[in-house]
Amino acid sequence: MTVLDDLIDALGPDAVLVGVAIGERHRSNASTTGRALPLAVVYPSSTQQVSRILAICDRHRQPIVPQGGLTGLAGGANAAGGEIALSLERLSGIEEIDADAGTMTVLAGTPLEIAQRAAEEAGLLLPIDLGARGSCQIGGNLSTNAGGIRVIRHGVTRDNVLGLEAVLADGTVLTSLNKMMKNNTGYDLRQFFIGSEGTLGIITRAVLRLRPLPAARLTALCALETYSDVVALLKFAQRELSGLSAFEAMWENYFRFNAEALRLTLFERATPFAVIVEQDVGGTAEDKDRFEAFLGKAVEDGIVTDALIAQSEKEARTFWSVREGHAMDQRLPGLVNLDISLPIGRLDDFARDCEAALRARFSNAHVSFFGHVGDSNLHVAVWIQNRGEHELHEIDTIAYDLVRKYNGSISAEHGIGTLKRDFLDHSRNEAELAVMRRIKRAVDPNGILNPGKVLPV
Ligand SMILES: Cc1cc2nc3c(=O)[nH]c(=O)nc-3n(C[C@H](O)[C@H](O)[C@H](O)COP(=O)(O)OP(=O)(O)OC[C@H]3O[C@@H](n4cnc5c(N)ncnc54)[C@H](O)[C@@H]3O)c2cc1C
């Protein structure tokens with residue numbers, strides 16, 4: 001029997017698609033770097049089925065690639081020709097919301113937005129949030145340890161996971177659906193699976209932390225003259241705004257390009273930096289007064305040159321539309337978006353050095369910067385005309401060599417996948433890489449789980 005015969009036997013023909021029945025979308029994630037269609041796509045609808053699939057693939061030494069919502073940006077969910085994709089989309093649903101424990105137990109294939117809505121209907125907040133919320137899945141969020149726009153308040157995905165269930169390469173089901181904040185009983189196995197991009201196991205369930213739903217959110221857009229002012233405003237906001245829930249900075253190029261593309265004149269003069277500050281509040285009139293007083297003091301102290309407070313949700317969305325930069329993505333097709341991480345105080349030094357280095361090689365490059373500055377995360381947006389694979393590699397090399405010089409991280413949130421795999425040693429030392437390889441060999445001795453991802457070959 002071939003591996004496909006065994007899989008069809010175990011799951012039934014409806015759950016194993018081959019050949020022309022496979023949808024084109026299984027070719028690549030949102031990085032658009034995937035080329036091949038998988039040999040087959042399997043659609044398990046229970047943990048037991050995931051276990052049977054992996055046991056079969058392990059016996060046949062058949063490589064298998066987990067696919068969530070396919071919104072990943074590092075190539076991690078792309079299958080090479082001859083590999084089988086395991087789609088989590090039929091393993092979807094909220095199993096439980098425990099209001100006393102403040103937890104949600106959810107199947108891995110549940111789209112993030114569905115989970116967020118279920119929490120809200122129960123009067124609670126699921127703090128994991130990112131632009132791809134409509135398509136990405138909880139399992140994908142855990143596997144990439146997704147960041148997003150609320151990290152400054154509630155941490156990265158890892159900080160919001162209390163328990164999980166995962167299936168190992170040989171089909172072993174590891175169930176650890178812990179709901180407690182405190183549990184010091186030996187090794188914390190969930191951490192192996194969070195952020196390992198499907199190379200150590202397939203996540204099938206998770207217990208997520210929920211928080212009280214904020215009654216209201218106050219949003220301001222600030223103009224600032226220098227990066228020192230940006231850092232000063234961050235420190236001031238961290239001290240004064242108890243529910244600080246976002247602090248997003250845009251460097252001049254990025255802010256101007258997106259505001260102009262959206263035909264928005266937000267400030268009277270060009271501003272070297274623009275920052276969105278957001279605070280979760282109880283919704284009283286005093287909250288608004290305190291927020292206004294905070295901004296007033298920032299202007300008085302010369303940290304901020306101008307500030308706009310959103311008077312409605314629509315206005316807040318307008319500020320965010322500049323930051324989300326969809327206009328830039330549309331107008332500059334093939335835009336490269338690097339997500340790096342550096343000590344907060346060095347972000348602007350890096351931005352200057354990086355822009356100079358990129359321009360020295362590509363004189364007409366459009367280079368701009370934005371980031372979740374409160375989380376030490378900088379995004380570098382680079383566009384050059386007629387960019388091919390070779391130029392992409394050059395851009396990566398220029399930027400990541402500089403990241404190494406600054407002792408930063410080549411991936412703040414998108415993960416390693418295949419796109420950053422060969423630069424992993426820029427942020428991890430040989431001893432760390434050796435331990436990663438030993439862990440991989442221990443849990444997946446036949447190397448069937450998402451081969452060629454994360455670890456340099
Ligand atoms: C518009 C847009 C905005 C984005 N914003 C952000 C952002 O702010 N912050 C951020 O961090 N990322 C962001 N991303 C990247 C992406 O959305 C996240 O990485 C997301 O967590 C991926 O989830 P997914 O379900 O789409 O995973 P996929 O892309 O399907 O897979 C990602 C990786 O996880 C593995 N995987 C998927 N499901 C499982 C599973 N159940 N078990 C084991 N492995 C699995 C895959 O093999 C792959 O290696 C954005 C992407 C887009 C397109």
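Values reported hereafter were calculated over all heavy atoms of this structure, with side chains retained and with hydrogens, waters and symmetry mates removed. Values in this document were obtained by computation on a predicted structure and should not be read as measured data. Numbering of ligands and ligand atoms starts at 1, following listing order.
With hydrogens left out, the protein atom closest to atom 8 (O) of ligand 1 is Gly148 CA, 3.4 Å, a heavy atom. Protein heavy atom in closest approach to atom 51 (C) of ligand 1: Thr71 O, 3.4 Å. Looking at atom 29 (O) of ligand 1, its nearest protein heavy atom turns out to be Gly72 N, 2.7 Å. Atom 2 (C) of ligand 1 has Ala132 CB, 3.8 Å as its closest protein atom, hydrogens excluded (heavy atom only). At the shortest separation from atom 13 (C) of ligand 1 among protein heavy atoms lies Leu130 CD1, 3.6 Å. The shortest contact between atom 43 (C) of ligand 1 and any protein heavy atom is with Ser143 OG, 3.2 Å. Atom 27 (O) of ligand 1 has its closest protein heavy atom at Gly140 CA, 3.6 Å. Scanning the protein for heavy atoms near atom 50 (C) of ligand 1, the closest one is Leu73 CD1, 3.9 Å.
Within the structure, the closest approach of Ser135 to ligand 1 does not fall below 4.0 Å when heavy atoms are considered. Under a 4.0 Å heavy-atom criterion, Gly147 is in contact with ligand 1. In this structure, His414 has a heavy atom closer than 4.0 Å to ligand 1.
Taking each of Pro66, Ser196, Ser87, Gly69 in turn, the one with a heavy atom nearest to atom 24 (P) of ligand 1 proves to be Gly69. The heavy atom nearest to atom 21 (O) of ligand 1, considering only Ile128, Leu142, Thr144, is found in Thr144.
Judged purely by distance below 3.5 Å, without hydrogens or angles, the side chains of Asn450 and Glu197 never pair a donor atom with an acceptor atom.
Numbered from 1 in the order shown, with element, the atoms of ligand 1 that lie under 4.0 Å from a heavy atom of Asn450 read 47 (O), 49 (O). Near Ala146, meaning under 4.0 Å from one of its heavy atoms, ligand 1 places the atoms 11 (O), 21 (O). With ligand atoms numbered from 1 in the order given, ligand 1 contributes 43 (C) to contacts under 4.0 Å with heavy atoms of Gly201. Atoms of ligand 1 found under 4.0 Å from any heavy atom of Gly198, numbered from 1 in the order shown, are 43 (C), 44 (N). Interface of Ala77 with ligand 1, defined as ligand atoms under 4.0 Å from a residue heavy atom, comprises 30 (O), 31 (O), 46 (C), 47 (O), 48 (C), 49 (O).
Exactly one of Phe273, Phe350, Phe257 qualifies for a ring-ring contact (aromatic ring centres under 6.0 Å, His included) with Trp251. That residue is Phe273. Screening Arg25, Glu89, Gln137, His26 for a side chain to side chain donor-acceptor pair (under 3.5 Å) with Gln67, the sole residue that qualifies is His26.
With contacts defined as side-chain heavy-atom distances shorter than 4.5 Å, the pair Leu142/Val161 qualifies. You'll find the side chain of Asn178 reaches within 4.5 Å of the side chain of Asn183, heavy atoms only. Using a 4.5 Å heavy-atom cutoff, the side chains of Ile416 and Ile410 are in contact. For the pair Leu112/Leu126, a side-chain contact is recorded, criterion being any heavy-atom separation below 4.5 Å from C-beta on. Using a 4.5 Å heavy-atom cutoff, the side chains of Leu130 and Arg133 are not in contact. Using a 4.5 Å cut-off on side-chain heavy atoms (C-beta onward), Arg153 and Arg211 make no contact.
Checking only distances, Gly76 does come within under 3.5 Å of ligand 1, N or O to N or O. For ligand 1, none of its N or O atoms has an N or O atom of Leu88 under 3.5 Å away. Remark: ligand 1 and His372 share no N or O pair separated by less than 3.5 Å (distance only, no angle test). Between Asn29 and ligand 1, not a single N/O pair is under 3.5 Å apart.
By the ring-ring contact (aromatic ring centres under 6.0 Å, His included) test, Phe370 is found to be paired with Tyr254, His379, residues two or more places apart in sequence or in another chain being considered.
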Criterion side chain to side chain donor-acceptor pair (under 3.5 Å) on His426 and Asp401, from CA distance to verdict: CA-CA 7 Å; His426 284 40; Asp401 280 354; 2.9 Å; yes
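In this structure, Lys405 does not pair ionically with Asp353, as no charged nitrogen and carboxylate oxygen lie closer than 4.0 Å.
At a heavy-atom cutoff of 4.0 Å, ligand 1 is contacted by both the backbone and the side chain of Ile203.
Residue pairs meeting the side chain to side chain donor-acceptor pair (under 3.5 Å) criterion with at least one partner in residues 7-23, sequence neighbours excluded, are absent.
With a 6.0 Å radius and a threshold of 12 heavy atoms from other residues, nucleotides or ligands, Met180 has its CE atom above the threshold.
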